[in-house]
> 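Would you mind keeping the following structure in view while I ask a few things?
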Amino acid sequence: MVEQLLINDENYYVPDANQLVTEDDTPLDNFASEKQQRLLVGSLYSSQQQQTFLAAANVGIYHAYKQPAIVPDVFLSFDVEIPTNWWEKQNRCYMLWEFGKPPEVVIEIVSNKEGDELGKKLNIYEQMRASYYIVYDPTQQLGEEVLRVYELRGRRYFETSETWLEQVGLGVTLWEGEFEGRQDVWLRWCYQNFTVLATGDERAEQERQRAEQEKQRAEKAEQRAQLLAERLRAMGVDPDNL
C-alpha cells in the first residue's frame with residue numbers, strides 16, 4: 001500500500017514518490033523502435049528551440065491514484081520542463097500531480113500484438129486526457145492501417161484521418177528517407193506544409209549546403225567581374241579608374 005500525502009485539501013491526495021517505481025532498469029526494445037523513438041524526440045529538440053516543452057521516450061507517466069505508471073514510446077508535453085534536480089525521486093518520471101497537466105501527445109510504436117495499443121492503452125490515455133494518441137504500426141500487426149491518430153473530443157477519443165494536430169501546431173507524416181545510415185519509412189513530425197522537422201544532422205547538412213551555395217555564388221560573381229575587367233582593358237579602359 002502506497003503511503004499517501006495530504007495536500008491542501010482533505011479530499012486531495014498524491015502518492016509518496018519515494019514509494020513509486022519510477023524506473024525498473026529492464027528496458028527491452030528492438031533496434032527499429034529505438035531508432036524511431038530517437039528520431040521523434042531528437043528532431044523536436046533540434047527544431048522547436050523557441051518553445052518550452054518536454055519530450056521523452058520510454059519514460060513512465062503516473063496518471064491516476066493507485067494506478068501503475070504507463071510508459072509510452074514517446075510523449076510530448078508543452079509548457080513544462082524537467083526540474084533542475086532530475087535525480088530527486090519525484091522528478092525522475094512524469095507525475096501528473098507534479099507537472100500539473102497531461103502530455104498533449106502520446107505515441108505508441110507497435111512491434112507485436114501484446115501491447116494492446118487499441119484497447120487498454122487507448123483507454124488509459126483517454127482517461128489521462130492526452131489531447132492526441134498516435135499509434136504507428138509499421139508492420140501492420142493490428143490491421144491494414146499503418147498510422148492511426150486519435151483526437152480527444154470531450155471525454156472520448158475519436159479516430160481521425162487528419163494528421164495535422166491543430167491543438168499543438170504540429171503534424172505527423174510518414175517519410176521515406178535515410179536516418180543515421182538507415183533507409184526506411186519513418187514517422188516524422190512535420191509542419192503544416194508537410195516539411196519535416198529536421199534532426200541536428202539534417203540541420204548541419206542544410207547549413208553546409210547553404211554555405212556551399214553561397215561560396216559558389218561568390219565565385220561566379222568574381223569570375224564575371226574578372227571577365228568584365230578583361231573586356232574593359234581590351235577596349236582601352238582601365239576598370240580600376242571607373
Side-chain angles (χ1 to χ4, degrees), residues 15 17 19-48 52-64 67-78 80-83 85-99 101-139 141-142 146-150 165 168 170 172 174 179-180 182 184-189 197 199-201:
Q19 303 297 320
L20 299 178
V21 179
T22 54
E23 59 273 303
D24 60 13
D25 296 322
T26 58
L28 182 62
D29 218 330
N30 59 73
F31 290 123
S33 294
E34 185 274 337
K35 196 175 285 287
Q36 174 67 81
Q37 292 161 9
R38 285 194 293 106
L39 172 57
L40 288 167
V41 173
S43 60
L44 283 168
Y45 282 104
S46 295
S47 300
Q48 301 293 97
T52 300
F53 68 90
L54 169 58
N58 280 324
V59 171
I61 301 175
Y62 273 97
H63 56 94
Q67 295 298 315
I70 187 168
V71 186
D73 286 306
V74 174
F75 72 79
L76 169 62
S77 186
F78 284 96
V80 298
E81 294 180 288
I82 299 175
N85 189 350
W86 58 9
W87 289 114
E88 290 185 3
K89 189 69 171 177
Q90 70 270 18
N91 297 333
R92 290 189 180 188
C93 64
Y94 197 101
M95 301 180 186
L96 261 63
W97 52 88
E98 294 288 343
F99 286 91
K101 59 182 286 291
E104 276 77 13
V105 185
V106 287
I107 300 176
E108 292 287 355
I109 302 166
V110 181
S111 55
N112 54 52
K113 297 180 180 180
E114 304 302 317
D116 202 14
E117 284 83 4
L118 302 183
K120 181 179 180 180
K121 285 185 178 178
L122 185 148
N123 292 333
I124 290 174
Y125 294 132
E126 184 179 69
Q127 293 169 11
M128 188 193 302
R129 302 188 64 76
S131 300
Y132 297 97
Y133 173 41
I134 296 170
V135 180
Y136 178 41
D137 186 10
T139 58
Q141 296 286 323
L142 306 180
V146 172
L147 183 63
R148 294 176 172 87
V149 178
Y150 296 89
L165 314 180
V168 299
L170 285 172
V172 289
L174 298 179
F179 172 59
E180 294 184 347
R182 183 74 185 195
D184 211 329
V185 175
W186 305 93
L187 179 64
R188 304 275 311 250
W189 301 104
L197 273 64
T199 65
D201 287 344

> Is any side-chain heavy atom of Glu117 closer than 4.5 Å to a side-chain heavy atom of Gln141?
no
> I'd like a table of donor-acceptor pairs (distance under 3.5 Å, sequence neighbours excluded) in which one partner is a side-chain atom from residues 106-115, with atom names and distances.
from	atom 1	to	atom 2	distance (Å)
Glu108	OE2	Tyr125	OH	2.6
Asn112	OD1	Glu114	N	2.9

> With sequence neighbours excluded, tell me which residues meet salt bridge (Lys or Arg N to Asp or Glu O under 4.0 Å) with Lys101.
Glu104
> Between Leu54 and Phe99, is a side chain to side chain contact (heavy atoms under 4.5 Å, CB included) present by the stated rule, with each step listed?
CA-CA 10 Å; Leu54 169 58; Phe99 286 91; 3.9 Å; yes
> Within a strict 4.5 Å, meaning less than it, do heavy atoms of the Ile124 and Gln67 side chains meet?
no
> Count the heavy atoms belonging to other residues, nucleotides or ligands that lie under 6.0 Å from CG of Asp116, then report whether that count exceeds 12.
yes
> Do Leu96 and Tyr62 come within less than 4.5 Å of each other through their side chains, counting heavy atoms only?
no
> What is the distance from atom CG of Leu39 to atom CD of Glu34, rounded to the nearest 0.5 Å?
11.0 Å
> CG/Leu197 to CD/Gln48 distance, rounded to the nearest 0.5 angstrom?
5.0 Å
> Donor-acceptor pair, Asn91 side chain versus Trp87 backbone, under 3.5 Å?
no
> Closest approach of Pro102 and Ser77, non-hydrogen atoms and distance?
O-OG, 3.9 Å
> Any side-chain heavy atom of Leu76 within less than 4.5 Å of one from Pro103?
no
> To the nearest 0.5 Å, tell me how far Arg92 CZ sits from Asn85 CG.
9.5 Å
> State the CZ-CG distance between Arg148 and Leu118, to the nearest 0.5 angstrom.
5.0 Å
> Are the side chains of Val105 and Trp189 in touch, meaning some heavy atoms are under 4.5 Å apart?
yes
> Not counting sequence neighbours, which residues clear ring-ring contact (aromatic ring centres under 6.0 Å, His included) with Phe78? List them please.
none
> List the steps, then state whether side chain to side chain contact (heavy atoms under 4.5 Å, CB included) holds for Val80 with Thr52.
CA-CA 6 Å; Val80 298; Thr52 300; over 6 Å; no
> Return yes if some donor-acceptor pair links the side-chain N/O of Trp186 with the main-chain N/O of Gln36 below 3.5 Å, else return no.
no
> Taking only residues two or more places apart in sequence or in another chain, which ones pass ring-ring contact (aromatic ring centres under 6.0 Å, His included) with Phe75?
Tyr94
> Within the structure provided, determine whether Leu44 and Leu170 are in side-chain contact (heavy-atom separation under 4.5 Å).
yes
> Going by heavy atoms in the side chains, are Thr199 and Glu180 under 4.5 Å from each other?
no
> For the atom pair CG (Asp137) and CG (Leu147), what is the distance rounded to the nearest 0.5 Å?
9.5 Å
> Please enumerate all residues that pass ring-ring contact (aromatic ring centres under 6.0 Å, His included) together with Tyr150, with sequence neighbours excluded.
Tyr133
> Under the side chain to side chain contact (heavy atoms under 4.5 Å, CB included) test, which residues partner Ala57, sequence neighbours left out?
Gln37, Val41, Val74
> Given Tyr136 and Leu174, is the side chain to side chain contact (heavy atoms under 4.5 Å, CB included) satisfied, shown in steps?
CA-CA 10 Å; Tyr136 178 41; Leu174 298 179; 3.5 Å; yes
> Less than 4.5 Å apart, any side-chain heavy atom of Val185 and any of Pro138?
no
> Roughly how far, to the nearest 0.5 Å, is the CE atom of Met128 from the CG atom of Asn123?
11.5 Å
> Starting from the C-alpha separation in whole Å, work towards a yes-or-no answer on side chain to side chain contact (heavy atoms under 4.5 Å, CB included) for Ile134 and Leu165.
CA-CA 10 Å; Ile134 296 170; Leu165 314 180; 4.0 Å; yes
